[in-house]
Amino acid sequence: MHFARFISAARYSFNIRKISYINFVTILVLAFSFFIYPPARALVDIQDPALSHGGIPKASWRLYRNLTPRYAAWARNRVAQGRAENLSINNISGTEWPLFGSVFYLWGIENLQAAWDAGDHSSGVEPKVFARDAIVAASELVVDPRHAGWVRKHWGDDYLHRENVFYRMLVIAALTSREELLHDHAHPGMLADQVETFAGELDASKSGLLNDYPGECYPGDVMAAVMCIQHADVVLGTDHSVFIRHALRGFIGSKATRLQLPPYSANAETGFPLDDSRGCGNSYFCLTSPGLWPIQARQWYELYDKFFWQESLGVTGYREFANNGPKINWTMDVDAGPVIEGLGVSASAFGVGAARKNGRFDRAYPLATEMIATIWVLPNGVLAAPRMLSNLSDAPMLGEAAILWQLTIQPEKGFPVKTGGGVPASVYVVLIGALLFGVFLIFEAGERFKISRRDLQPVFPAPRLQIFLWMVFMLGCVAFWTISTWTSMILLLAAILLPIKRKMPAGGGDAGGKTATTKE
């Protein structure tokens with residue numbers, strides 16, 4: 001009887017020892033993947049002169065090569081599934097973000113192709129050739145009628161010829177990018193129709209503004225639409241220069257805020273601001289305006305920098321709300337993202353591109369180093385932080401596409417370039433702190449594993465239950481990996497906490513003379 005129990009205990013002990021070994025290897029892989037490689041990669045990337053003086057950073061070329069096949073597959077599958085057609089109009093991230101992300105991606109590829117044409121052949125293969133499938137898939141997603149389901153609910157069947165600024169702007173942008181890159185004459189009638197009808201409608205409007213949705217006007221989207229029309233002139237051979245000069249009326253004078261910056265939202269009928277100027281909108285304005293109205297764009301950027309730039313506690317960036325207004329330092333919404341101690345995540349992220357577009361590398365460089373320090377590039381090339389902040393079910397690659405666009409933007413022609421700025425202290429704190437934590441995890445895992453091997457007869461309470469739970473957690477981790485990354489990681493962490501050893505009385509020990517610990 002006693003011998004049988006001994007054999008049974010030994011068998012469970014052996015199985016649990018195998019679990020301990022698997023957990024040890026798992027911790028090594030996790031520590032390297034999440035706490036060693038990402039900060040080490042970032043410490044190298046922030047030294048790239050393209051961040052501080054212009055050009056395409058090496059990190060952008062790597063991201064493009066990694067993202068492109070994933071984006072092509074995702075966009076094709078999403079259109080084929082038809083999931084977008086039945087989404088609620090209140091599901092902003094599910095309806096808007098897949099289209100927005102696709103345009104970000106296309107704009108990023110245009111920037112890379114321009115760099116290739118200028119002589120930067122870092123990618124080895126011409127971007128428009130390598131990314132052809134993704135260019136087609138992304139543009140087809142934007143013009144897919146089922147992906148217009150939410151705006152059709154807002155505007156009815158006339159959604160392509162009645163205000164609807166945001167969606168129509170994206171259609172013009174996507175088809176223009178595709179035509180400029182591929183010259184395959186896809187949907188030429190649709191592009192020409194949208195350019196002419198939207199330009200005519202905006203030009204005829206009383207205020208110079210139109211609504212995105214009924215009763216909702218966001219001047220940033222109107223300005224982006226004007227920029228897209230100017231861009232479309234290149235591929236269509238049209239000339240909307242008079243319209244573009246007239247369109248400035250929607251953003252200046254009585255249409256501007258107290259800071260003489262365009263407002264975040266406005267009344268489309270009167271043009272008067274409904275909201276103050278905000279960082280997420282200003283970064284967007286400063287990205288889209290330089291090619292439209294260069295003199296006005298410079299003035300807007302100077303005002304933006306004066307009233308929204310913040311340096312505090314080793315962190316730099318653009319505030320979501322002006323520094324001379326109400327101190328709203330902690331909040332969050334779908335456009336601003338998290339606002340942390342006044343700094344807007346969206347304002348600062350898109351501020352990278354705004355600063356680069358305006359030739360202000362003294363701002364772009366510190367912002368870009370903060371971005372690179374926090375995007376957390378995994379060994380497989382995926383950007384962990386942007387992926388987590390995106391809509392994992394409907395727009396999983398929005399953040400990565402946006403970063404590709406931002407880091408590939410170049411100064412507007414004729415704009416003076418100002419270099420300078422340094423790496424904020426917070427960047428080194430984050431990266432070195434992560435590296436040290438990764439080293440600690442590896443060292444701690446190694447010590448635990450050595451102790452477990454010396455412990456000849458560990459005592460495990462409920463060994464069968466612990467083995468069962470470990471298997472459930474590990475299988476759950478695998479099952480949830482493509483459904484919910486957060487859930488998958490929580491299950492993995494739960495698994496590596498097992499097995500738990502029975503706490504021994506003080507001064508007691510096991511048969512090998514070693515004092516038992518609470519965990520192996």
Side-chain angles (χ1 to χ4, degrees), residues 107 110-111 114 165-166 168-169 172-173 176 195-196 198-210 212 217-236 238-266 268 271-273 276-308 318 347 350-360 363-364 405-406 409-418:
W107 282 344
E110 280 195 76
N111 292 338
V165 173
F166 178 73
R168 293 169 72 187
M169 174 268 291
I172 295 171
T176 299
V195 167
E196 295 303 330
F198 185 89
E201 188 178 5
L202 183 63
D203 206 38
S205 68
K206 179 181 177 181
S207 66
L209 299 174
L210 295 171
D212 283 58
C217 171
Y218 300 98
D221 292 333
V222 178
M223 191 181 296
V226 177
M227 178 197 71
C228 291
I229 290 172
Q230 182 189 55
H231 191 183
D233 278 345
V234 176
V235 301
L236 293 174
T238 50
D239 182 3
H240 288 86
S241 56
V242 174
F243 156 76
I244 291 169
R245 288 195 296 272
H246 188 223
L248 180 58
R249 68 193 173 104
F251 311 97
I252 59 175
S254 62
K255 317 293 177 55
T257 64
R258 61 185 177 87
L259 301 177
Q260 294 306 300
L261 287 161
Y264 170 71
S265 63
F272 296 149
D276 210 342
S277 177
R278 289 178 53 178
C280 61
N282 290 332
S283 288
Y284 202 29
F285 292 129
C286 293
L287 265 170
T288 55
S289 61
L292 298 171
W293 314 291
I295 295 175
Q296 183 63 62
R298 290 192 190 102
Q299 295 175 359
W300 278 336
Y301 189 82
E302 289 173 2
L303 291 169
Y304 183 31
D305 195 63
K306 176 181 178 180
F307 292 112
F308 288 81
Y318 284 107
F350 287 94
V352 173
R356 290 175 67 92
K357 189 70 172 177
N358 284 271
R360 291 293 303 274
R363 297 301 192 219
W405 176 41
Q406 292 299 295
I409 291 171
Q410 302 304 312
E412 182 66 24
K413 291 181 180 179
F415 275 46
V417 172
K418 182 178 180 180

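Contact check for H240 versus E196: side-chain heavy atoms found under the 4.5 Å cut-off. At least one side-chain heavy atom of V226 sits under 4.5 Å from a side-chain heavy atom of L202. Within the 4.5 Å cutoff, side-chain heavy atoms of W293 are placed close to those of M223. Side-chain contact between P290 and N358 is present, with heavy atoms from C-beta onward closer than 4.5 Å. Taking the side chain as every heavy atom from C-beta outward, R245 and L292 never approach each other to under 4.5 Å. Side chains of Y264 and P219 form no contact here, defined as non-hydrogen atoms less than 4.5 Å apart.
Taking CZ of R356 as the reference point, atom CD of Q410 lies at 5.0 Å (rounded to 0.5 Å). The CZ atom of R249 sits 7.0 Å away from atom OG of S207, with the distance rounded to the nearest 0.5 Å. In this structure, the separation between CG on D305 and SG on C286 is 9.0 Å, given to the nearest 0.5 Å. Atom CZ of F198 and atom CG of D203 lie 11.0 Å apart (nearest 0.5 Å). Atom CG of N111 and atom CD1 of I409 lie 6.0 Å apart (nearest 0.5 Å). Here CH2 of W300 is found 7.5 Å from CZ of F285. Values are rounded to the nearest 0.5 Å.
The two residues L287 and K357 have their closest heavy-atom pair at O-CG, 3.8 Å. Considering every non-hydrogen atom in both S254 and P273, the closest pair reads O-CD, 3.6 Å. Residue Q406 comes nearest to G351 through the heavy atom pair OE1-N, 4.5 Å, listed as atom of the first residue, atom of the second, then distance. In plain terms, the two heavy atoms of S289 and A297 that are nearest each other are OG-CB, 3.3 Å. Between S277 and F308, the shortest heavy-atom contact is O-CZ, 3.6 Å. Minimum heavy-atom separation, A225 to V165: CB-CG1, 4.4 Å.
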Would E302 and R360 satisfy salt bridge (Lys or Arg N to Asp or Glu O under 4.0 Å), going step by step from the backbone distance to the final call? CA-CA 10 Å; E302 289 173 2; R360 291 293 303 274; over 6 Å; no
When you look at Y318 and Y304, which way does the ring pair (Phe, Tyr, Trp, His ring centres under 6.0 Å) test go after all the steps? CA-CA 9 Å; Y318 284 107; Y304 183 31; 4.3 Å; yes
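Note: F350 and Y284 fail the aromatic proximity criterion, with ring centroids not under 6.0 Å apart.
Using a 3.5 Å distance cut-off with no hydrogens or angles, the side chains of Y301 and N282 do not pair a donor with an acceptor.
Between R298 and E412 no salt bridge is recorded (no basic side-chain N to carboxylate O distance below 4.0 Å).
With L303 as the partner, the side-chain contact (heavy atoms from CB on, under 4.5 Å) test is satisfied by one option alone out of L261, L259, T257: L261. A side-chain contact (heavy atoms from CB on, under 4.5 Å) with Q230 is found for exactly one of D239, I244, T176, namely I244.
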